[in-house]
Amino acid sequence: IVFGVRPCDFRTSRFSVFGIDLVFANLPLAKQRGLIPARANMEKLPFSDGFFEGVLAIGLFQYLSDLKPLLKEIHRVLKPGGEIICTTLNKDSWLRRIRYFILKTNQNFVITTYRDQELIDDLSEVGFETKQLAYHLFPTTLTRFCDRPNSLWKRGAPSFTLKAVK
């Protein structure tokens, strides 16, 4: 399952991948990118318990004011051992702050940013175990897995990705 269909292309995937989006206009794009389009409320997914093997949520969490209902629903629709991979904005990033200051970019659309431990705790609270944590610089292809909690990389990286297992 993929939340939000814009950044994905799954035309060559060997899996059946559902693209979930609340915006009806995005559904044709989902189909064009190899997804099975489904318009749905993320907090009440129209799938049975344990339906999916994995969930991909890239750049979604920063638009939600309350993440826990979504995390509970993701946990419900994942099979035991299923994985969630999620990327969100890093609250501690000084590079992101400098970038927005220099570019004078309006950040009003972002509702929430997270510290890595906040997201790890939220995932744990609903039953996930975090397996991997990565920090991203510009562009997001420059990734580094970090095991030092106060490293310069962590403090500078504008976003991070977590991989967790049910």
Side-chain angles (χ1 to χ4, degrees), residues 1-93 96 100 105-136 139-140 143 157-166:
I1 186 172
V2 176
F3 290 106
V5 298
R6 295 185 105 31
C8 326
D9 191 339
F10 290 94
R11 286 178 287 197
T12 60
S13 176
R14 60 187 175 101
F15 300 102
S16 295
V17 183
F18 287 78
I20 307 297
D21 206 309
L22 193 56
V23 180
F24 183 78
N26 289 339
L27 297 181
L29 181 59
K31 191 170 186 175
Q32 181 182 1
R33 294 190 176 182
L35 299 166
I36 301 166
R39 185 171 185 248
N41 179 335
M42 295 178 292
E43 295 175 5
K44 295 178 185 173
L45 295 171
F47 303 101
S48 60
D49 295 359
F51 188 82
F52 293 103
E53 295 178 28
V55 169
L56 182 61
I58 306 299
L60 168 69
F61 294 172
Q62 62 255 26
Y63 301 110
L64 305 173
S65 59
D66 186 5
L67 189 56
K68 289 187 183 157
L70 173 60
L71 292 179
K72 288 177 185 175
E73 188 65 357
I74 290 171
H75 191 270
R76 181 188 70 78
V77 299
L78 275 177
K79 293 178 179 180
E83 297 179 344
I84 177 174
I85 298 174
C86 52
T87 298
T88 193
L89 296 177
N90 180 3
K91 185 183 277 187
D92 291 330
S93 173
R96 186 175 50 78
Y100 284 115
T105 304
N106 186 344
Q107 221 179 310
N108 292 338
F109 61 93
V110 173
I111 297 171
T112 308
T113 56
Y114 294 90
R115 290 188 171 89
D116 53 9
Q117 192 60 52
E118 292 172 328
L119 191 50
I120 290 169
D121 291 346
D122 285 350
L123 287 162
S124 177
E125 191 175 311
V126 298
F128 287 103
E129 180 184 353
T130 298
K131 294 292 187 180
Q132 255 178 330
L133 173 61
Y135 297 91
H136 311 280
T140 57
T143 301
S159 61
F160 63 89
T161 298
L162 285 176
K163 177 180 173 182
V165 178
K166 177 177 177 178

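A quick note: this is a predicted structure, and the numbers were derived from the prediction, not measured. The basis for the numbers below is simple: all heavy atoms, side chains too, and nothing from hydrogens, waters or symmetry mates.
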List, one per line, each side-chain donor-acceptor pair under 3.5 Å for residues 120-130, sequence neighbours excluded.
residue: Asp121; atom: OD1; partner: Gln117; partner atom: NE2; Å: 2.8
residue: Glu125; atom: OE1; partner: Lys68; partner atom: NZ; Å: 3.3
residue: Glu125; atom: OE2; partner: Lys68; partner atom: NZ; Å: 3.3
residue: Glu129; atom: OE2; partner: Lys131; partner atom: NZ; Å: 3.2

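- Under a 3.5 Å cut-off, the side chain of Lys31 and the backbone N or O of Pro37 do not form any donor-acceptor pair.
- Separating the CD1 atom in Ile20 from the CZ atom in Phe47 is a distance of 4.0 Å, to the nearest 0.5 Å.
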Donor-acceptor pairs under 3.5 angstrom involving side-chain atoms of residues 77-89: please list them, not counting sequence neighbours.
residue: Thr87; atom: OG1; partner: Thr161; partner atom: OG1; Å: 2.5
residue: Thr88; atom: OG1; partner: Gln62; partner atom: OE1; Å: 3.0

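- A 4.5 Å side-chain heavy-atom check between Leu45 and Phe51 finds every atom pair outside the cut-off.
- For the pair Glu118 and Thr113, the tightest heavy-atom approach, listed with the atom from each and the gap, is OE1-O, 4.2 Å.
- The two residues Pro28 and Ala25 come nearest to each other via the heavy atoms CD-O, 3.4 Å.
- Sorted by first and then second residue, the side chain to side chain donor-acceptor pair (under 3.5 Å) pairs involving residues 45-61 (not counting sequence neighbours) are Asp49-Arg76.
- The minimum heavy-atom distance between Leu64 and Met42, with the atom names listed, is CD2-CE, 3.9 Å.
- Within the 4.5 Å cutoff, side-chain heavy atoms of Leu71 are placed close to those of Phe61.
- Contact annotation: the side chain of Asn90 never approaches that of Asp116 to less than 4.5 Å [non-hydrogen atoms, C-beta and beyond].
- Separation of atoms CG (Leu60) and CG (Asp21) is listed at 9.5 Å; rounding is to 0.5 Å.
- Take Pro69 and apply the side-chain contact (heavy atoms from CB on, under 4.5 Å) test, not counting sequence neighbours, and it matches Glu43, Asp66.
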